[in-house]
Amino acid sequence: VPHRILGDETTYDAAFEAWAGDLTALFRECWDVTLSFLVENPEEIRSDAREVVTLESDSVELLLFEFLGELLYRKDAEERVYRLGQLELDGGSAPAPDSTPVTDGVGPGQDGRVDAEESSAGVGEPGVRAGRGASYRLEAEIVGETLDPERHCYGVDVKAVTLYAFTVELRDDGWFARVVLDT
Amino acid sequence: MKGLVKQVGDALWELSPTFQDGMNVPVRIYATPGLLEAMDEGVFQQAANVACLPGIVGYSYCMPDGHRGYGFPIGGVAAFNTRDGVISPGGIGFDINCGMRLVATSLTWDEVEPCLEKLVDLLFERIPAGVGGSGLLSISRNTFRDLLEGGMAWCWKHGYAWDEDLRRTEEGGCMTGADASTVSEKAVERGYKQVGTLGSGNHYLEVQVAKPENIADEETARALGIDRPNQVLLMLHTGSRGFGHQVATDYLQRFILVMNSEYGLGIRDRELAAAPFHSPEGQDYFAAMQCAVNMAFANRQLILYRIREVFAELFGKAPEELGLHQIYDVTHNTAKVERHRVEGHEMELLVHRKGATRAFAPGMSDIPPEYATVGQPVIIGGSMETGSYLLVGAESGAPTYYTTAHGSGRTMGRRQAKRTYKGADIQNKMRSRGIYVRAKSMSGLAEEAGGAYKSIDEVVDAAEAGGLSRKVVRLVPVGNVKG
C-alpha cells in the first residue's frame, strides 16, 4: 500500500503516510495524495501548461516540505493545478553518514493517531541530512492547467504543509513520509 | 493525563508545572466537566509544551472549545513578556487573522424568507469561494503591498468601506506595524489576487435570524444594533487565505534554521518554532504577520462590499436603507502587544491567541465608543447546522488577558465526518429544516456537518461560567454559502 490517509481525530485537516522504495517514488506519492485532497478527480487535469521546478536542500525533509509547498503556492499564484511529469532527485539514495534521525514523530497508534507531542525528546532542525557539503537536488517536470470548477471536482483548499509530525525517514523496508496539511 | 488536572474554579481546571520538566507556568483550561472529558489528550500535552516556551507569564491557557492543533492547541492563549519572551507562528496559526464579521440588516425574517433562495444563490454566484480562486479586486502587486500596510483604511480610501466599518473592527481594521518589505515575493504573488475570496474548509457566509426567544440580554443586543424581532443578520468567517499561509510557512522555515543555532531555543514540537520577540527574525515576522492581519481585514471588507451590492440589487434599496451596518469584526488568530496585570504588576505582553477571541470589557480602550458601556462584541461561529452566538467581554475576563472562545470546536476528524455524512444528504436535511445551503464542494459540506462539532451552547456556557464573556444572543442559520 503506497499511502494511508490519516485523520480519524480532530487535529488533522488532511494528513497521510506514504511508503516507497526510493525517494523519487516517495515524493511522487506525496504530491499525488496532496493533489487528491485538492481535486477529487485529478485524472481530469489536462496538460495545458508545462513547467520545471528545481529545488535544493541539505535536508530531505525540508526538500519535501518545500516541494509540496511550491505546488500549493502555484495553485494560488497561478490558479493552476499540476500533476507530476518526470521527477529526478539526486543525493538521497541512502542516508548520509551524518544523518540525524527525526525525533518528533512517534509511530501511529492502532487508531492511526500520531502523537508528536508525546515524544519526550526535544526537537531541533529537520533530520536526514545529506553529507557535509552535499545536498539533495530535485528537478520536477509539472504539467497541468488552470483550475476549472466546471471540470475539477474540488475537495478542500489545502493551503500549507505543516511541520507537525512531519517525517521523512529511511526504514528497513524503504522510505517513509508522514505529512499533515493545513486547509 | 486528564486525571492530573484539578478543578480550581467555576469551569476552570489546572495542570501543575510538575506535570512535565521545563514548564515555566501552569496550564489552565476553561471547560465544563463534559467539555473537559471530551478534550483529546493532545490538548493537555500541547498546552504543557506551550508552558515551556521562554518568557511565558501567568498561565498557558486553553479555551472551552480547545482541541489539538499544530504545536499550540486550537483555543490556546499565551502571553510572553515582550522584554525576553518569544514570538511563535504556531501560536497564531497558518490562517493569520482568521476571523468573524457580523453584519446587521433592518430586515426581518418575514421580509427575507420569500427570497431566501434567490439571496443565497446571488451571494454564492458573486462571492468567489472554494479552491484557489481570484477575488473581487484587480490590483497590481505594488497596490497589494499598499493594502497590506493599510488594511481597511485602504478599503475606505478606495470606496469599499464605510467610516463605521473601520470603527467597528478590532484594531480599526489596520495593524500599524505592518511592513510589506518583510513579506516574501511568493507571499505577494500568492495573495494579490485573493482579496475578496471566501475560501473553503470551515469558512462560510451565513444568513441568520435573531429570534426573540434566543436573546439573552435585550438591552445589550439593542446597543449592538439588534433591535427588532426576528431580525436578519449576516455572519462571515474567513481569513488571510493563501497569503497568510505563505507568510507563516516562510517564517516557520526561517525560525527553524535559527532558533537553536542563534538563540539556543529548545522546543518540544517544530510547530512551536519561535524566535525572541526583539530578534531581527522575531520583529520581521511580527511586521509580516501584521500585513496578513490587514490582508484578512481587507478580505472580509471586500466581501461585505459585495454583500451590500447584492442586497441593494435584490431589495431595490441602498445598503444604508437596508440597515447593512457592521456590528463588529474580530480576529481569532493573532499575536498583539497589550498591557495587562500579571501577579499584581502591569506588564507589556505579546498575547498569542490561536483560535481564541479577544473580549475586552466595558470601558476598555480599543472598543467603539458606541459599545463602551456594553463591552467588546465577540462573535462565536458554530456549525452550519446548529447556530452561532454574539457575546460581549466582561470585567472578570482579566486573568486570560480578556480572551474567550472562538467557535464550537471539532469532535470528529474531517475524514471520519466524510465517512459518516454525505454532502448531498446534509444539504437536503438542512433544506427540510429551513436552512438553504450552497457549497462548492459536497465533500467539504460533509466535513462541516453539525454532528462533527461540539455543542456551541456548552462552549458558550463554559465561557460565561468562567467569567470570560457574557451571552447576548444566539443566532440561528437560515442560509449558508460555503467554499
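In what follows, chains are A, B, ... by sequence order, proteins preceding strands, each numbered from 1. Predicted model only: the values in this text are computed from it and were never measured.
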Rounded to the nearest 0.5 Å, what separation is found between the CG atom of A:Leu163 and the CG atom of B:Asp269? 9.0 Å
Evaluate salt bridge (charged side-chain N to carboxylate O under 4.0 Å, His left out) for B:Arg270 paired with A:Glu61, printing each intermediate quantity in order. CA-CA 12 Å; B:Arg270 280 182 301 191; A:Glu61 275 199 308; 3.0 Å; yes
Please report the closest heavy-atom contact between A:Asp76 and B:Gly242, naming both atoms and the distance. OD2-CA, 3.5 Å
Is B:Gln246 in contact with chain A via its backbone, its side chain, both, or neither, using a 4.5 Å heavy-atom distance? side chain
Got a sec: does the CG of A:Asp173 have more than 12 other heavy atoms crowding it under 6.0 Å? yes
What's the spacing between B:Lys440 NZ and A:Tyr154 OH if we round to 0.5 Å? 7.5 Å
Just wondering, are more than 12 heavy atoms of other shown residues or ligands nearer than 6.0 Å to CD in A:Glu43? yes
Tell me, please, which residues at least two apart from A:Glu40 pass salt bridge (charged side-chain N to carboxylate O under 4.0 Å, His left out). none
With a 4.5 Å limit on heavy-atom distance, are the side chains of A:Val161 and B:Thr249 in contact? no
Can you confirm if the NZ or CZ of B:Lys186 lies within 45° of the ring axis of A:Tyr73 and under 6.0 Å from the centre of its six-membered ring? yes
Inspect the surroundings of CD in B:Glu262 and state if more than 12 heavy atoms from other residues, nucleotides or ligands are less than 6.0 Å away. yes
Would the distance check show the side chain of A:Lys159 and the main-chain N or O of B:Arg241 forming a donor-acceptor pair, the cut-off being under 3.5 Å? no
To the nearest 0.5 angstrom, please state how far the CZ atom of B:Phe94 sits from the OG1 atom of A:Thr183. 11.5 Å
At what distance, to the nearest 0.5 angstrom, does CZ of B:Arg190 lie from CD of A:Glu78? 12.0 Å
Tell me whether B:Ser200 contacts the main-chain N or O of A:Asp157 through its side chain, where contact means a donor paired with an acceptor under 3.5 Å. yes
By side-chain contact (heavy atoms from CB on, under 4.5 Å), B:Ser88 pairs with (sequence neighbours left out) B:Phe72, B:Ala274, B:His352
So how far is it from A:Phe65 CZ to B:Ile256 CD1, rounded to the nearest 0.5 Å? 8.0 Å
What residue in B:Gly201, B:Ser443, B:Pro73 has the most heavy-atom pairs under 4.5 Å with chain A? B:Ser443
